[in-house]
Number of protein chains: 2
Amino acid sequence: MADLHSASPDNLLRTVGIKVTRGRVRVIAALQAARQPMSHAEIGTQLGADAAVPLDRVTLYRILESLVAVGLALRAVDTRGVFRFSAAGTLHRHEGHVHFRCTDCGGVFCLKAAPPSPPKLPRGFRLAAVEFDVRGTCAVCSARPAA
Amino acid sequence: MADLHSASPDNLLRTVGIKVTRGRVRVIAALQAARQPMSHAEIGTQLGADAAVPLDRVTLYRILESLVAVGLALRAVDTRGVFRFSAAGTLHRHEGHVHFRCTDCGGVFCLKAAPPSPPKLPRGFRLAAVEFDVRGTCAVCSARPAA
DNA sequence: GCTGCAAATGCAACCTTGTTGCATTCTGAA
DNA sequence: TTCAGAATGCAACAAGGTTGCATTTGCAGC
Ligand SMILES: [Mn+2]
Ligand SMILES: [Mn+2]
Ligand SMILES: [Zn+2]
Ligand SMILES: [Zn+2]
């Protein structure tokens with residue numbers, strides 16, 4: 001089982017069955033190279049900097065949306081209310097375990113615990129999604145003195 | 001120190017030593033009456049609805065800021081990246097049960113199920129909050145034909 | 001290698017959330 | 001009652017995020 005950062009963007013996209021486009025490849029590569037989850041603005045800046053062809057702002061949003069939808073990226077909200085994205089992988093299944101979100105750096109960490117089962121709903125209610133959100137500060141951010 | 005659970009907005013404000021203004025009193029009252037944390041927009045809508053005198057949008061932000069600063073309100077970021085505010089010292093506690101969020105009407109419903117216990121964290125990680133987010137459509141929205 | 005169609009993109013416009021500056025009004029202590 | 005500092009209202013701004021629509025592009029089928 002390859003780790004998150006080893007599979008090529010092209011192969012990841014083909015594996016999940018969505019089109020391989022220049023934009024998606026560039027975004028996945030950027031997320032894989034990142035040491036921390038990136039905001040939309042950070043990705044846009046970096047992509048605009050190291051490439052002759054800039055990526056449209058809206059297209060970037062839609063690329064991130066599509067990557068999250070197929071599980072190739074994870075999305076979290078940092079303490080300032082900004083979405084931050086990190087690379088995931090097809091080979092890594094995220095359904096079977098709980099995630100920890102660092103509210104400081106926006107990082108998402110896989111825990112070993114199994115997700116809780118959904119509760120009983122009142123009559124007529126229809127369940128669509130269940131999300132167990134565990135938040136706090138990761139080891140790195142907890143060690144670092146507060147800003 | 002006065003009991004935060006039973007004090008009136010006026011007394012709460014006097015206790016913490018900031019000025020008692022019409023706006024602050026109304027906001028505290030709204031937060032105390034709320035069954036769940038409210039967004040800035042929700043507070044603004046409610047205050048605009050049941051009062052002849054609407055509250056300026058910016059003033060509301062500054063009121064919430066001041067209440068958080070003195071500890072009379074709590075601020076959190078929800079999964080959509082929006083700040084939500086709750087009164088500190090209200091009687092309705094939401095820690096003891098799970099919530100259901102209707103993705104259609106936006107309503108939040110208190111369920112009878114107990115929240116799952118937080119999982120074991122890796123060394124150095126610090127837990128801040130655990131949120132069990134159950135989403136879907138409520139009874140009313142499920143019954144109504146899709147728009 | 002073509003062809004055709006759905007998927008993806010670019011662009012303009014728009015919405016929401018949150019902030020800043022400044023003149024005016026209000027609170028509450030002296 | 002006075003009045004300085006705190007709070008408010010209004011206008012303008014900024015960033016994050018979304019929507020609609022015309023155009024381009026990936027890629028499956030031939
Ligand atoms: Mn995971
Ligand atoms: Mn509740
Ligand atoms: Zn962290
Ligand atoms: Zn509903």
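Numbers restart at 1 for each chain; the letters A, B, ... are given by sequence-line order, proteins then strands.
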(message) Over all strands shown, is A:Arg24 touching base, sugar-phosphate only, or nothing at heavy-atom distances under 4.0 angstrom?
(response) sugar-phosphate
(message) Please report the distance, rounded to the nearest Å, between CZ in A:Arg57 and P in D:dA14.
(response) 14 Å
(message) What is the distance, to the nearest angstrom, from the CD1 atom on A:Ile18 to the P atom on D:dA28?
(response) 13 Å
(request) Could you check which of D:dT19, C:dG28, C:dT17 has an atom nearest any side-chain atom of A:Arg62? (result) D:dT19
(request) Rounded off to whole Å, could you give me the CD-to-P distance for the A:Glu65 and D:dT19 pair? (result) 9 Å
(request) Return the value, rounded to whole Å, for the distance between atom CZ of A:Phe83 and atom P of C:dT17. (result) 12 Å
(request) Grab the CZ-P distance between B:Arg22 and C:dC26 for me, whole Å please. (result) 11 Å
(message) Do the side chains of B:Arg84 and B:Glu42 get close enough for a salt bridge, i.e. N-O under 4.0 angstrom?
(response) yes
(message) Closest-nucleotide mapping onto DNA chain C: is B:Ala41 or A:Gly23 further toward the 5' terminus? I mean the 5' end.
(response) A:Gly23
(message) Return the CZ to CG distance between B:Arg24 and B:Leu13, rounded to the nearest 0.5 Å.
(response) 6.5 Å
(message) Heavy atoms only, 4.0 Å cut-off, all strands: where does B:Thr21 land among base, sugar-phosphate and nothing?
(response) sugar-phosphate
(message) Do A:Leu31 and A:Phe85 have side chains that approach each other closer than 4.5 Å (heavy atoms only, starting at C-beta)?
(response) yes
(message) Taking the ring of B:Phe83 and the ring of B:His40, is the distance between their centroids below 6.0 Å?
(response) no
(request) Ignoring the backbone of A:Tyr61, work out which of D:dG17, D:dA7, D:dC27 is nearest its side chain. (result) D:dG17
(request) Measure the distance from CG on B:Asp56 to C1' on D:dC10 and round it to the nearest whole Å. (result) 7 Å
(request) Report which part of the nucleic acid B:Val58 touches: base, sugar-phosphate, or nothing (heavy-atom distance under 4.0 Å, all strands). (result) base
(request) Mind calculating the distance between CG (A:Leu64) and P (C:dA8) to the nearest angstrom? (result) 14 Å
(message) Within the structure provided, determine whether A:Leu111 and B:Pro122 are in side-chain contact (heavy-atom separation under 4.5 Å).
(response) yes
(message) Using whole Å, what does the distance between atom P of nucleotide D:dT25 and atom CG of A:Leu55 come to?
(response) 14 Å
